[in-house]
Engineer: 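Right, I'll just put the structure down here and ask away after.
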Amino acid sequence: PLHGGRVAKLGVISGLPPRRPKLTAVASSMQNTQTHSLFCFSLMRPAGYEVDLLKWQFLHQASIFGCDEYDIYSNRSVNLGPGVDTQVIASDLLTAYDAGTDTVLN
C-alpha cells in the first residue's frame with residue numbers, strides 16, 4: 001500500500017500526463033503564409049495583474065503576440081509597449097464569480 005492506503009497499479013504512474021501521438025506535418029496547403037494568417041485577441045481589465053501579464057507577453061513576443069495579427073480590447077486605453085495600445089470597447093468588464101472556486105465565469 002502507498003501513502004493514504006492507495007494501491008499501486010502495474011503500468012500506471014500517477015501525476016504524469018498520458019502519452020500523446022506525435023504531431024503530423026502541416027499540410028503543404030497550410031505552409032503558404034501568404035494566403036493564411038492567424039489573428040489572436042485578448043480582453044484585458046485595465047487594472048490588476050492582466051496589464052503586467054500582457055506587457056510581459058509583448059516583451060517576450062509570447063501568447064497572442066506570436067500570432068500574425070493581434071488586438072487587445074479593454075474599456076480604457078492602455079499602452080502595453082511600443083505601438084501597442086488597447087482597443088477601447090464600451091463595457092464595464094464585470095463578470096460573475098463561482099463562489100465554490102472563487103474564479104471568474106468567462
Side-chain angles (χ1 to χ4, degrees):
L2 301 172
H3 177 70
R6 294 174 291 182
V7 178
K9 294 181 184 177
L10 185 61
V12 176
I13 300 173
S14 178
L16 295 178
R19 289 191 179 129
R20 297 188 178 158
K22 290 187 177 191
L23 297 176
T24 58
V26 175
S28 60
S29 64
M30 294 298 290
Q31 292 179 357
N32 183 350
T33 58
Q34 301 211 1
T35 58
H36 301 283
S37 65
L38 182 62
F39 174 78
C40 301
F41 68 94
S42 184
L43 180 63
M44 182 194 83
R45 291 182 181 207
Y49 75 93
E50 294 176 1
V51 175
D52 289 337
L53 175 63
L54 281 156
K55 284 182 177 183
W56 184 93
Q57 289 174 341
F58 175 71
L59 180 66
H60 296 280
Q61 292 298 287
S63 188
I64 69 168
F65 300 104
C67 299
D68 299 310
E69 296 181 58
Y70 54 82
D71 262 321
I72 301 95
Y73 300 94
S74 187
N75 60 353
R76 283 195 338 221
S77 180
V78 178
N79 179 270
L80 299 171
V84 180
D85 294 294
T86 58
Q87 301 294 317
V88 178
I89 59 170
S91 172
D92 60 12
L93 301 180
L94 296 177
T95 56
Y97 278 81
D98 181 334
T101 61
D102 196 32
T103 57
V104 176
L105 298 172
N106 59 1

Engineer: Any side-chain heavy atom of Ile72 within less than 4.5 Å of one from Val78?
Structural biologist: no
Engineer: Determine, using the 4.5 Å side-chain heavy-atom cutoff (strictly less than), whether Ile64 and Tyr49 are members of one ILVMFWY cluster.
Structural biologist: no
Engineer: Please round to the nearest 0.5 Å and tell me the distance separating atom CG of Leu43 and atom CG of Asp71.
Structural biologist: 12.0 Å
Engineer: Is any side-chain heavy atom of Ser74 closer than 4.5 Å to one of Val51?
Structural biologist: no
Engineer: List, one per line, each side-chain donor-acceptor pair under 3.5 Å for residues 52-60, sequence neighbours excluded.
Structural biologist:
unit_1, atom_1, unit_2, atom_2, d
Trp56, NE1, His60, NE2, 3.0

Engineer: To the nearest 0.5 Å, what is the distance between CE (Met44) and CZ (Arg76)?
Structural biologist: 8.0 Å
Engineer: State the OH-CZ distance between Tyr70 and Phe41, to the nearest 0.5 angstrom.
Structural biologist: 16.0 Å
Engineer: Please confirm whether the backbone N or O of Val88 pairs with a side-chain atom of Thr86, one donor and one acceptor, at under 3.5 Å?
Structural biologist: no
Engineer: With rounding to the nearest 0.5 Å, note down the distance linking SG in Cys67 to CG in Leu38.
Structural biologist: 4.0 Å
Engineer: Within this structure, what is the CZ-CG distance for the pair Arg45 and Leu94, rounded to the nearest 0.5 Å?
Structural biologist: 6.5 Å
